[in-house]
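Numbers restart at 1 for each chain; the letters A, B, ... are given by sequence-line order, proteins then strands. Any value given below was found using the heavy atoms of this structure, including those in side chains, with hydrogens, waters and symmetry copies removed.
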Amino acid sequence: MLDKKLLRGDIEAVRVNLARRGFVLDTDAYRALEEQRKAIQVRVEELRNERNVKSKGIGAAKATGEDIQPLLDAVQSLGEALKSADTELGAVQAQLGELQMGLPNLLHDSVPDGADEAGNLEIRTWGEPTALAFTPRDHADLGAALGQMDFAAAAKLTGARFTVMQADLARLQRALIQFMLNLHTEAHGYTEVYAPYIVNGDSLRGTGQLPKFGEDLFALQGDQEYYLIPTAEVPVTNLVRDEIIDAQRLPLKFVAHTPCFRSEAGSHGQDTRGLIRQHQFEKVELVQIVQPEHSYPALEELTGHAETVLQKLGLPYRVITLCAGDIGFGAAKTYDLEVWIPSQDRYREISSCSNYQDYQARRMAARWRNPHTGKPELVHTLNGSGVAAGRALVAVMENYQQEDGSIRIPEVLRPYMNNQEVISV
RNA sequence: GGAGAGGUGGCCGAGUGGUCGAAGGCGCAUGAUUGGAAUUCAUGUAUACGGUAACCCCGUAUCGAGGGUUCGAAUCCCUCCCUCUCCGCCA
């Protein structure tokens, strides 16, 4: 959510910034609604004030034993006027709130222009695209040949876009997760979090998935507004919802491994093969809650933490800055890490690291007490994959494949694999 | 699932129809005391929105959430959520 004061004070600046995303803000409509709101609100508050004053008068009169009937008569008509004005106000505020919740975040100045992913900017690369002396096979092939990755079985159990893994591959994914969690907790100073995989609507509104992107979520049936989490970002970031955090506790750095559930609505036909795009996948997520002035250094740091994972795994990657047209709804700035995928002869996203500034914090009412002002102020929130385990598995399988279809296990994972060096039939 | 007790400010905790944004305490801030500190004393200390350019002032709202009764609700009624205790069940 954006600062309402900014929307009132300089909506033109907001319009210009959001236009970079291709988002059209109808400033006239917003202003009109806002003026309406103000007028009605003032009226409601005046009516309420009048009622309060008169009611107090009744209380005082009663205490002195006066006849209160004339006073009661005088206040009679107020109730109805107040009720209808209040209803009107509620309707306008609901409209305004919907509009406000539907506005994406303002972009940071450093975000490059661009309409779509073609406008993303490469910042740096690490390693060289893996050179294989033979034609690389994709991970689905490799996994099937090993008899350890079975999409048909998953289709039987559930449907499309799920997988069943067994034996060494199943263990390799677990090794990746363990490795990442240990790295972030031991070397990068994150606190490991175990959190619910089901969250309520307030949490999703807090981080920005709702109200606009409900289509991407799996909603549970029942009386409660429950959803499967699309990312650990949701439960972990919402830890600070409605909290006022002591300054000395910041920054909060959390790491969590969770499965992620995404309906992938609107992506039919994309990446239908293999593990790249699934309804359920494993991810290790990094979340930081920081003081506002620290959030951009924190974004660099957090991105570096995700990069360390890939470096230690020996996976070639590049870092890109998402352009205005490709960046996510709530993010002010995002770096994507893209890992080399030999079978596709290109880089594919494996991590996305974003600074949300105060956008999520405002929705969540997540604040810290600024010792200089003594007042609660909004924190800044960041998150990034550190990294997606399913895609990391893909990258390891494909980059470490050998001509005979066996897969070498990266050194750093061997301790988690009983020192096994190769996965083969 | 059954029975009971509760959800009040940064925290703890009073408050059963009006003068309650809410006693008291803790914490915090400022000042006094002190060589300095601790102790002690004094004063201050919620958030959001609106009137405003304004952190002064004024108004409105907020005592788990939503509805209702009433001139007036933290307080009464209804529904829901959550926490705790006991029983049952259970990985």
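No donor-acceptor contact under 3.5 angstrom links the side chains of A/His380 and A/Tyr359, judged on distance only.
Of the candidates B/C71, B/U19, B/G50, B/G50 carries the atom nearest the A/Arg37 side chain, counting heavy atoms from C-beta on. Among B/C82, B/G51, B/C71, the nucleotide with an atom closest to any side-chain atom of A/Lys38 is B/G51. Distance from the side chain of A/Tyr226 is smallest to B/C82 among B/C82, B/U60, B/U47. Among the nucleotides B/C71, B/C49, B/U60, the one closest to any side-chain atom of A/Arg48 is B/U60. The side chain of A/Gln224 sits closest to B/C82 out of B/A61, B/C82, B/U19. Distances were taken from every side-chain heavy atom of A/Arg51 (C-beta onward) to each of B/G59, B/G51, B/C71; the shortest belongs to B/C71.
Remark: A/Arg262 does not engage A/Glu264 in a salt bridge, criterion side-chain N to carboxylate O under 4.0 Å. A salt bridge is absent between A/Asp242 and A/Arg367: the closest approach of a Lys/Arg side-chain nitrogen to an acidic carboxylate oxygen does not fall below 4.0 angstrom. Salt-bridge formation is not detected for the pair A/Arg43/A/Glu46: no Lys NZ or Arg NE/NH1/NH2 atom is positioned less than 4.0 Å from an Asp or Glu carboxylate oxygen. The residues A/Asp202 and A/Arg205 are annotated as salt-bridged, a charged nitrogen and a carboxylate oxygen being separated by less than 4.0 angstrom.
B/C86 and B/C80: their C1' atoms are spaced 24 Å apart (whole Å). With P as the reference atom, B/C26 and B/A42 are 11 Å apart, rounded to whole Å. Taking the P atoms as reference points, B/A73 lies 16 Å from B/A65, given to the whole Å. Nucleotides B/U40 and B/A48 are separated by 38 Å at their C1' atoms, to the nearest Å. Comparing the same atom, C1', in B/A5 and in B/C89 gives a spacing of 22 Å after rounding to whole Å. Across B/G64 and B/G59, the matching P atoms stand 25 Å from one another, rounded to whole Å. Taking the C1' atoms as reference points, B/C41 lies 13 Å from B/U34, given to the whole Å. Nucleotides B/G9 and B/G21, compared at atom C1', are 9 Å apart to the nearest Å.
As rounded to whole Å, 11 Å separates atom P of B/C11 from atom CG of A/Asp246. Taking atom CG of residue A/Asn52 and atom P of nucleotide B/C20, one finds them 14 Å apart after rounding to whole Å. A straight line from CD1 of A/Ile245 to P of B/C28 spans 19 Å, rounded to a whole angstrom. Rounded to whole angstrom, the span from the CG atom of A/Leu82 across to the C1' atom of B/C71 amounts to 12 Å. One can place CD of A/Glu34 at 12 Å from P of B/C49, the figure rounded to the nearest angstrom. If you take CG of A/Asn200 and C1' of B/G64, they are 14 Å apart, rounded to a whole angstrom. B/A48 atom P lies 15 Å from atom CD of A/Gln41, rounded to whole Å. Distance, A/Lys375 NZ to B/G10 P: 12 Å, rounded to whole Å.
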* To do: Start with the C-alpha gap between A/Gln178 and A/Asn182, add the side-chain angles, then the distance that decides, and say whether side chain to side chain donor-acceptor pair (under 3.5 Å) holds.
  => CA-CA 6 Å; A/Gln178 297 272 67; A/Asn182 286 352; 5.7 Å; no
Open item on the list: Before you tell me yes or no, could you show the steps for A/Asp246 and A/Arg369 under salt bridge (Lys or Arg N to Asp or Glu O under 4.0 Å), namely the whole-Å CA-CA distance, both residues' side-chain angles and the distance that decides it to 0.1 Å?
Closed with: CA-CA 6 Å; A/Asp246 288 339; A/Arg369 197 171 289 280; 5.8 Å; no
| request: Given ring-ring contact (aromatic ring centres under 6.0 Å, His included), test A/Tyr227 with A/Phe218 step by step and report yes or no. | output: CA-CA 6 Å; A/Tyr227 301 85; A/Phe218 284 108; over 10 Å; no
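Remark: RNA chain B takes part in the stems B:1-7 with B:81-87, B:10-12 with B:24-26, B:27-32 with B:40-45, B:46-51 with B:57-62, B:64-68 with B:76-80, each of 3 or more antiparallel Watson-Crick or G-U pairs, criterion distances under 3.5 Å.
Scanning atom types as modelled, no donor and acceptor separated by under 3.5 angstrom connect the side chain of A/Glu45 and the base of B/G50.
Of the residues in residues 84-95 of chain A, none lies under 4.0 Å from RNA chain B by heavy-atom distance.
Within 4.0 Å of A/Lys4, counting heavy atoms only, lies no atom of the nucleic acid at all. At the heavy-atom level, A/Ile244 lies under 4.0 Å from the strands shown only through sugar-phosphate atoms. Using a 4.0 Å heavy-atom cutoff across all strands shown, A/Arg367 reaches sugar-phosphate atoms only and no base atom. A/Arg43 comes within 4.0 angstrom of no nucleic acid atom, judged by non-hydrogen atoms across all strands.
At least one donor-acceptor pair closer than 3.5 Å links the side chain of A/Thr185 to the backbone N or O of A/Leu181. A donor-acceptor distance shorter than 3.5 angstrom exists from the side chain of A/Asn200 to the backbone of A/Ser203, with no hydrogens or angles considered. Side chain of A/Ser406 to main chain of A/Gln402: no donor-acceptor pair is present (N/O by atom type, distance under 3.5 Å, no hydrogens or angles).
Surrounding CD of A/Glu80 are at most 12 heavy atoms belonging to other residues, nucleotides or ligands under 6.0 Å away.
Contact annotation: A/Asn49 reaches the phosphate of B/U60 (side-chain N/O to OP1 or OP2, under 4.0 Å).
Nearest-nucleotide assignment on RNA chain B puts the 5′-proximal partner with A/Gly59, out of A/Lys54 and A/Gly59. Toward the 5′ end of RNA chain B lies the nearest nucleotide of A/Lys5, the other residue of the pair A/Lys83 and A/Lys5 mapping further downstream.
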